[in-house]
Amino acid sequence: QVQLVESGGGLVQPGGSLRLSCAASGSIFSINAMGWYRQAPGKQRDLVATIPSGGTTTYTDSVKGRLTISRDNAKNTVYLQMNSLKPEDTAVYYCNALVQTRRASPTFNYWGQGTQVTVSS
């Protein structure tokens with residue numbers, strides 16, 4: 001089994017910053033892409049940013065220039081640095097990872113439990 005545990009959410013004023021972390025543990029042979037998604041009340045879960053094991057990161061347009069995704073492969077951890085936060089960034093943030101649990105096995109999609117980010121004055 002693979003577990004993803006997020007941390008770093010909270011309440012912040014508009015214009016403030018937060019850093020989310022998500023650590024993967026368990027039966028991991030390799031991790032391909034990792035990403036962050038978010039879900040606001042009454043809305044669907046949407047992609048925020050992705051980072052492959054090698055290659056170019058991608059961002060949804062509304063967060064470009066404000067949020068930065070990064071990863072530490074040695075720690076199986078993905079981060080989301082969030083700057084210049086806006087009230088519309090308020091949501092539950094979920095991390096996601098495509099994990100290969102054994103050599104030559106297919107990859108499986110895993111999700112964290114979510115962490116609340118609230119941007120309000």
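The analysis underlying the following values was restricted to heavy atoms, covering all of them including side chains, and did not include hydrogens, waters or symmetry mates. Given the structure is predicted, the values throughout are model-derived calculations rather than measurements.
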Original post:
For the residue pair Val78 and Cys95, what are the closest heavy atoms and their distance?
Top reply: CG1-CB, 4.4 Å
Original post:
Would a 4.5 Å heavy-atom cut-off, applied to side chains only, mark Met34 and Pro52 as touching?
Top reply: no
**OP:** Evaluate side chain to side chain contact (heavy atoms under 4.5 Å, CB included) for Cys22 paired with Thr77, printing each intermediate quantity in order.
**Re:** CA-CA 5 Å; Cys22 173; Thr77 298; 5.7 Å; no
**OP:** Kindly compute the distance separating CZ (Arg19) from CG (Leu67), expressed to the nearest 0.5 Å.
**Re:** 13.0 Å
Subject >> Within-4.5 Å side-chain heavy-atom neighbours: Thr101 and Ile28 >> reply: no
**OP:** Output, in order, the C-alpha distance, side-chain angles, deciding distance and verdict of side chain to side chain contact (heavy atoms under 4.5 Å, CB included) for Ser53 and Arg71.
**Re:** CA-CA 9 Å; Ser53 57; Arg71 64 190 282 177; 4.2 Å; yes
**OP:** Nearest 0.5 Å please: distance from the CG atom of Asn96 over to the CZ atom of Arg45.
**Re:** 9.0 Å
Subject >> Shared-cluster residues of Tyr79, by chain and number - hydrophobic side chains joined below 4.5 Å >> reply: none
**OP:** Tell me whether the guanidinium CZ or amine NZ of Arg38 lies under 6.0 angstrom from the six-membered ring centre of Tyr94 and within 45° of its axis.
**Re:** no
Original post:
Take atom CD in Glu88; do more than 12 heavy atoms of anything else shown fall under 6.0 Å from it?
Top reply: yes
**OP:** Establish whether Leu4 and Leu98 are linked, either directly or via other cluster members, by ILVMFWY side-chain heavy-atom contacts under 4.5 Å.
**Re:** no
Original post:
Less than 4.0 Å between a side-chain N and a carboxylate O, is that true for Asp89 and Lys86?
Top reply: no
Subject >> Selection residues 10-63 - residue pairs positive for ring-ring contact (aromatic ring centres under 6.0 Å, His included), sequence neighbours left out >> reply: Tyr37-Trp111
Subject >> Nearest-0.5 Å distance, CD1 of residue Ile69 to CE of residue Met82 >> reply: 11.5 Å
Original post:
Does the side chain of Asn76 come within less than 4.5 Å of Ile31's, by heavy atoms?
Top reply: yes
Original post:
Roughly how far, to the nearest 0.5 Å, is the OG atom of Ser25 from the CD atom of Gln3?
Top reply: 4.5 Å
Original post:
If we only count heavy atoms from C-beta on, is the Arg102 to Gln100 side-chain gap below 4.5 Å?
Top reply: no
Original post:
With the 4.5 Å side-chain cut-off for hydrophobic clustering, are Val92 and Val119 part of the same group?
Top reply: no
Subject >> Point-to-point distance, once rounded to the nearest 0.5 Å, from CD1 of Ile51 to CG of Asn32 >> reply: 13.0 Å
Original post:
Are any of the side-chain heavy atoms of Gln116 and Thr90 separated by less than 4.5 Å?
Top reply: yes
Subject >> Close side-chain approach of Val117 and Leu18, heavy atoms under 4.5 Å >> reply: yes
Subject >> Sub-4.5 Å side-chain heavy-atom contact between Leu47 and Thr60 >> reply: no
Original post:
Could you walk me through whether Thr115 and Leu20 pass the side chain to side chain contact (heavy atoms under 4.5 Å, CB included) check?
Top reply: CA-CA 8 Å; Thr115 185; Leu20 306 183; 4.1 Å; yes
**OP:** For Ser17, check side chain to side chain contact (heavy atoms under 4.5 Å, CB included) against everything at least two apart and list the hits.
**Re:** Gln81, Asn83
Original post:
How about Pro14 and Pro87: do any of their side-chain heavy atoms sit closer than 4.5 Å?
Top reply: yes
